Amino acid sequence: MIATVANWCLLALALSAGLCVVRLLRGPSVPDRALALDTLAVNLIGIIGILCIRDNTVVYFDAVLVIAVLGFVSTVAVAKYLLKGDIID
Amino acid sequence: MTEWLIVVLLIVGTAFMVTSSVGLVRLPDFYMRMHGPAKAATLGVICVLLAGVVYFTFEQDYFSIREVLAIAFIFITAPVGAHMLTKAARHIGVKFHDQTRIEK
């Protein structure tokens, strides 16, 4: 039962990531695109978490941590660039 | 019993994440669109990762501290990122929706 539910949840999360790509391509302003990329990273974390359950393996957890850190750092870097004009001052 | 808990956590988390993405596409204003990913997507991904923790702890007898660490990291950093992004949008003057009233 878990495998069936995991497959349907993977399908739904792929749809959700597609909606994020729609906002990424259409977004009228730069913060919109940064927000869409951040949400895409969160969706990817969910997809990898479900893949761990479905494939019954724990080797993907490191990828979850790396994507979480990269998503946060890139969002903060874009926000700092928009606020001050440079990232490290 | 544990199986039902895992299934419910997976379905609830996925429902929250799909709702947040629909809001990201359909809401009319950047400041409204901020609500979906900042709150609903965070709750959804925490539910999904919690389902993984429950599955590997009770079904496979393997407690993974890395997934708990991922939950804590997302729980701490999601509001910080959302706040900084909104501050940047306010700074470069992203337009509000027409019917938004701002108290001066």
Side-chain angles (χ1 to χ4, degrees), chain A residues 1-2 4-6 8-13 15-20 22-24 26-32 34-36 38-53 56-58 60-62 64-65 67-69 71-76 78-84, chain B residues 3-4 6-8 10-11 13-15 17-26 30 33-34 36-38 41-42 44-45 47-53 55-56 59-60 62 64-67 69-71 73-74 76-78 80-95:
Chain A
M1 187 174 73
I2 291 181
T4 314
V5 172
W8 282 104
C9 288
L10 277 180
L11 187 66
L13 283 190
L15 207 72
S16 164
L19 288 176
C20 293
V22 168
R23 177 51 70 192
L24 178 66
R26 215 174 67 179
S29 64
V30 180
D32 271 311
L35 178 63
D38 194 37
T39 315
L40 203 57
V42 171
N43 276 313
L44 207 56
I45 291 171
I47 287 176
I48 295 174
I50 295 179
L51 269 183
C52 283
I53 296 176
N56 201 1
T57 175
V58 293
Y60 301 150
F61 285 169
D62 299 325
V64 167
L65 273 178
I67 292 176
V69 173
F72 172 65
V73 170
S74 59
T75 305
V76 169
V78 171
K80 285 284 269 190
Y81 177 72
L82 289 177
L83 266 177
K84 296 195 176 150
Chain B
E3 201 173 355
W4 281 102
I6 296 165
V7 166
V8 166
L10 275 181
I11 291 176
T14 309
M17 289 175 77
V18 172
T19 310
S20 86
S21 288
V22 170
L24 184 69
V25 170
R26 281 189 58 90
F30 172 74
R33 284 198 282 270
M34 203 73 220
T42 308
V45 81
C47 281
V48 168
L49 290 181
L50 211 59
V53 171
Y55 177 74
F56 283 107
E59 301 267 326
Q60 308 289 327
Y62 176 81
S64 133
I65 194 69
R66 283 175 288 177
E67 202 152 15
L69 197 66
I71 291 175
F73 188 80
I74 291 170
I76 292 172
T77 57
V80 178
H83 176 77
M84 288 200 68
L85 212 52
T86 312
K87 213 166 136 187
R90 198 82 178 89
H91 182 255
I92 66 172
V94 175
K95 288 277 184 292

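What you are looking at is a predicted structure, and each value in this text was computed from that prediction instead of being measured. Protein chains get the first letters and strands the later ones, always in sequence-line order, with residue 1 at the start of each.
Heavy-atom pairs under 4.5 Å with chain A peak, among B:V22, B:L85, B:V18, at B:L85. Ranked by heavy-atom pairs shorter than 4.5 Å toward chain A, the options B:T77, B:V94, B:L10 are led by B:T77. Among A:V69, A:V22, A:V76, the residue with the largest count of heavy-atom pairs under 4.5 Å with chain B is A:V69. Annotation: maximal heavy-atom pairing with chain B below 4.5 Å, among A:N56, A:L65, A:I48, A:T75, occurs at A:N56. When the candidates B:R26, B:M34, B:E67 are compared by the number of heavy-atom contacts under 4.5 Å with chain A, B:E67 comes out ahead. Counting heavy-atom pairs closer than 4.5 Å to chain B, the top-ranked of the candidates A:L15, A:V78, A:L13 is A:L13. Of the listed residues B:V7, B:T19, B:L24, B:V45, the one with more heavy-atom pairs under 4.5 angstrom with chain A than any other is B:L24.
Going from atom CG of A:L19 over to atom CG of A:L24 covers 12.5 Å, rounded to the nearest 0.5 Å. Going from atom OG1 of B:T14 over to atom CG of A:L11 covers 10.5 Å, rounded to the nearest 0.5 Å. Taking CH2 of B:W4 as the start and CD1 of A:I2 as the end, the distance is 11.0 Å to the nearest 0.5 Å.
Two residues are said to be in side-chain contact when any heavy atoms from C-beta on lie closer than 4.5 Å; B:I6 and A:V5 fail this criterion. Considering only heavy atoms from C-beta on, B:H91 stays 4.5 Å or farther from A:L82 through its side chain.
When heavy atoms are compared at a cutoff of 4.5 Å, A:T57 approaches chain B solely by way of its backbone atoms N, CA, C and O. Of the two parts of B:L49, only the side chain, counted from C-beta on, holds a non-hydrogen atom closer than 4.5 Å to a non-hydrogen atom of chain A. Of the two parts of B:F30, the backbone and the side chain both hold a non-hydrogen atom closer than 4.5 Å to a non-hydrogen atom of chain A. With a 4.5 Å cut-off on non-hydrogen atoms, A:V30 does not touch chain B at all. With a 4.5 Å cut-off on non-hydrogen atoms, B:A51 touches chain A through its backbone and its side chain both. Contacts of A:V64 with chain B are made by side-chain atoms alone, with heavy-atom separations under 4.5 Å and no backbone atom involved.
With hydrogens and angles ignored, the 3.5 Å screen pairs a side-chain donor or acceptor of B:T86 with a backbone N or O of B:A82.
Closest non-hydrogen pair, B:F56 versus A:V58, comes out as CE2-CG1, 3.6 Å. Heavy atoms only, all atoms of each residue included: A:N43 and B:M17 are closest at OD1-CE, 3.2 Å.
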Please lay out, stage by stage, how B:R66 and A:D62 fare under the test salt bridge (Lys or Arg N to Asp or Glu O under 4.0 Å). CA-CA 7 Å; B:R66 283 175 288 177; A:D62 299 325; 2.8 Å; yes

